[in-house]
Structures are given as C-alpha cells and as structure tokens.
Visitor: 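Once you've had a glance at the structure underneath, I'll fire off some questions.
Every chain is numbered from 1, with letters handed out A, B, ... down the list of sequences.
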2 protein chains.
Amino acid sequence: MSKNLKKGRPDILDRVTPLFARLGYNGVSMRDLASAVGVTPAALYYHFKSKDELYTQAISRVFEQKTSAAKAIMNDEQEPGEKLQIFIAWFVRALNKDKDFRKLLQWAMLDTDSKRLKKLTKNTFQDLFGTIKNIGESFRQQYDPHLLAVSIIGLVLYHAESSVTQQKLSSEKLGQDNAETIARHITALLENGLLTH
Amino acid sequence: MSKNLKKGRPDILDRVTPLFARLGYNGVSMRDLASAVGVTPAALYYHFKSKDELYTQAISRVFEQKTSAAKAIMNDEQEPGEKLQIFIAWFVRALNKDKDFRKLLQWAMLDTDSKRLKKLTKNTFQDLFGTIKNIGESFRQQYDPHLLAVSIIGLVLYHAESSVTQQKLSSEKLGQDNAETIARHITALLENGLLTH
DNA sequence: GTCTATACACAGATAGAC
DNA sequence: GTCTATCTGTGTATAGAC
C-alpha cells in the first residue's frame, strides 16, 4: 500500500543511507530517517530493531557493494603498474561518484567508541584493503606493502574529500578537477615521484 | 575557589577538547562536558554562550596552535626537497602525538551541514594548507601545486589515522610503525615513486 | 505493515539563589 | 563564578488500534 515504497527493507536502506552519510549516526534522528522514508518511526522499528541495526545494515550494504566492484576489475592478470593505475582510476571515480560511500567511510573511521563498526570494518573494509595491499605486494622490494596500501588509500580518499566537499582551499579556481584529473595526478605522482629523473 | 580549575576559559577548553575530539560535536552533551571539567552545565554557560561556541573555540585553539608551529619550522630558506622532508616529518609527528588535532581535523572535514566550521576552516586550516601549498610551488613544473598539496596532506593524514586508530587492517604485525617509519616511507615514496630508476 | 499515541530519558539552555 | 532547579524540545523506543 505504501506510497512509493517498493518492497520494504532494501528500499528503506536506499532512502536512509544518504542521511547517515551526510550527517553521521549521531547527526540524524529516527524521526528524520522515518520522514525521509515517508513513514513514521514506528514503521521503521517494525523492520529494524534499533537505530543501530538500521545504520549497520545501511553502511554494510554500501561497503560490500563497492568491495565486490573493486574485486571485479582486478582479478585479471595484469602487470603491477597497470593494475595500480586501473585500481586508482576506479577508486577515484567510485569515491567521487558515490558521495555516500566516501562519507560513510569517513564516519566509520571516526566511530571508535561504539563498537558497532568494529566487526563491520573488519568484515567489509578489510576486504577492500586486502585488495589494495595485493597491489602493494608487487612493489615490496621498494616499500612495505602495508604502508604502501595506506599511502594509496590516503591519496585517493583525501583527494576525493577535497574536491567534492565544501573545502575551497585553493585560491586559484580549479573547477575541473574531476575524477580523471585527480586519477592522472595520483598515478603520475606514484610512478615518478617528485624528482626529475 | 574551584577545585582544580586554574583560571577559567583556557582550562575549560583544555578539558573539553579531548571529548570533542573523541566523540565529535553530536557525540557529547553539555552534561558530559561539564562533568569532565568538574562543574555543572550552568557554569559552562557562564563562560560560553552555547555549546557551539564552546566547540568552535576549542577546535580553533588547537588549529591555530598547530598552524603557527608549522610555520615556525618552515620560514627558513631551505631547498624544496629538504623543506618537504622537514614538513612531512613534523606533520606526521604532530598528528601522531596530538590525537586531538588529528581527530578534530577529521570531524571538521565531515562538518558540512552546519556552517559553524566554514569560517573556522577558512581561517585556520586554510593557513596550514597555504603553507603546504607553498612547498608544492617548488614542483610546479611537474605537478599542480594544489593537487600536490592535497596529495601530501592525504598521505600524512591517512597514515596517522591508520596507525593510531582502531584499524588493525594489517595481517602482519607492524607494531613499530611509529612516526619516523611513516615519515620515511612517505618521503621516499614522494621522492622516488614506484619505478625503479 | 503502518498508523496514533505515548512513555521516558536526555538534550540545550536559563532563572535566580548563594 | 558556580550552584540548584527547571523549562522546553527532542531523542529512542514501544503498545496497541487498524
């Protein structure tokens, strides 16, 4: 009967995820979430036993989705440099296109106190991280794979944050730093470094 | 008279900052903050007109502190590579030593909706960013200074997040990734890149 | 499966005594 | 300058009608 609600839980998660992404767990109330879905809070409690569960399910759905997408473009046998470039291009695009993904990732990294995300992080994000670390293994003669994986994530993630969010920290207009520009920059930086060879 | 309160507002900020850093603005209540200070909420409202002002002052104090520290180690006339190395070493150390600084920075980057941090970010963080971008100028023949600055910040910041927070994403124990290890890694990566020359 | 109505704890904030 | 006491709104969550 419900107006625009297709099925139930999946549709609820669709509508609830952007709110969690933008405002974080503590930044939204069940009333907010319910009105975004188009129902009353009580209706939400029929489908999810608590706000915590609603949040956990919303975020885990997004993460699993992205992780499997990442794996899908990587499982071929490419040479390391190419692999790296492909992954970076995908990751930059994924973070730029799907703002929810990026924000939920950031919120997750701040969610230390409540243990609700510890399992989640270990299940889904670790998976993504493992994929990246795999790439790092190819360069283990030069760098520690773990540190290199962290470097790659940091580069991409922070560029995504800086380009899309409110931060207008550049005095020069850099309107078109779209995904491609950023991806090229990161790839070049990683490959060549700062020295002129 | 107050038990351990030295003066007033500065001491309050000292005690309140760690809470904001750990839990974020929405994660703490005035009651929590007051009891951390050792007073009642009403006492806090005598010194600060709102929770918002208390938060803004707490975070801006930390940022200004760090920004001036960053400038202090940079204003010499060093050559670009050296400058970069010195800055990275300092930044990594600052983020690792001062957990509050790092966390407040993360929270700030997620604080899009409320405009309370827009001015703050533009005043203090922009200052720090400008310093970094200055370094980037030295490499402008290779890279866009803005993008390079973002890259540097992303590298350092994310390493700090990963090494100190709950994220145990490495299967191999990497106990001693202290500031020095990370700084060396980042510096080497930036200077040499991934290619074996 | 969604509603109305509501319980009850806690939020930010203020008044006025001391 | 800090307190007690309290106002008022909002928070999560539930009971029970439909």
Visitor: Tell me: CZ of B/Phe48 to P of C/dT14, nearest whole Å?
Guide: 15 Å

Visitor: Among residues at least two apart in sequence or on other chains, which ones pass side chain to side chain contact (heavy atoms under 4.5 Å, CB included) with B/Gln65?
Guide: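 Counting only residues at least two positions away or on another chain, B/Gln65 forms no side chain to side chain contact (heavy atoms under 4.5 Å, CB included).
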
Visitor: Starting at atom CZ of A/Arg9, determine the distance to atom C1' of C/dT2, rounded to an integer number of angstrom.
Guide: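 It is 16 Å, rounded to the nearest whole Å.
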
Visitor: Show your reasoning for whether side chain to side chain donor-acceptor pair (under 3.5 Å) applies to A/Asn134 and A/Thr131.
Guide: CA-CA 5 Å; A/Asn134 245 11; A/Thr131 304; over 6 Å; no

Visitor: Using only atom types and a distance under 3.5 Å, with no angle test, would you say the side chain of A/Trp107 pairs donor to acceptor with the backbone of A/Ala21?
Guide: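 Answer holds: yes.
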
Visitor: Can you tell me if CZ on B/Arg61 sees more than 12 non-hydrogen neighbours from other groups inside 6.0 Å?
Guide: yes

Visitor: Tell me: CD1 of B/Ile12 to P of D/dG1, nearest whole Å?
Guide: 10 Å

Visitor: Which whole-number value in Å describes the distance from B/Asn26 CG to D/dT10 C1'?
Guide: 13 Å

Visitor: If you compare every side-chain N and O of A/Ser29 against the phosphate oxygens of D/dT10 (OP1, OP2), does one of them come in below 4.0 Å?
Guide: no

Visitor: Quick one: are the ring centres of A/Phe91 and A/Phe87 less than 6.0 Å apart?
Guide: yes

Visitor: Which parts of nucleotides 13-18 of chain D does protein reach within less than 4.0 Å, heavy atoms only, written one letter per nucleotide 5' to 3' as B for base, S for sugar-phosphate only and - for none?
Guide: BBB---

Visitor: Return no unless some side-chain N or O of B/Thr40 is found under 4.0 Å from OP1 or OP2 of D/dT2.
Guide: no

Visitor: Quick one: B/Tyr46 OH to D/dG1 P, roughly how many Å, whole number?
Guide: 4 Å

Visitor: Can you confirm if the aromatic rings of B/His146 and B/Phe129 lie within a centre distance of less than 6.0 Å?
Guide: yes

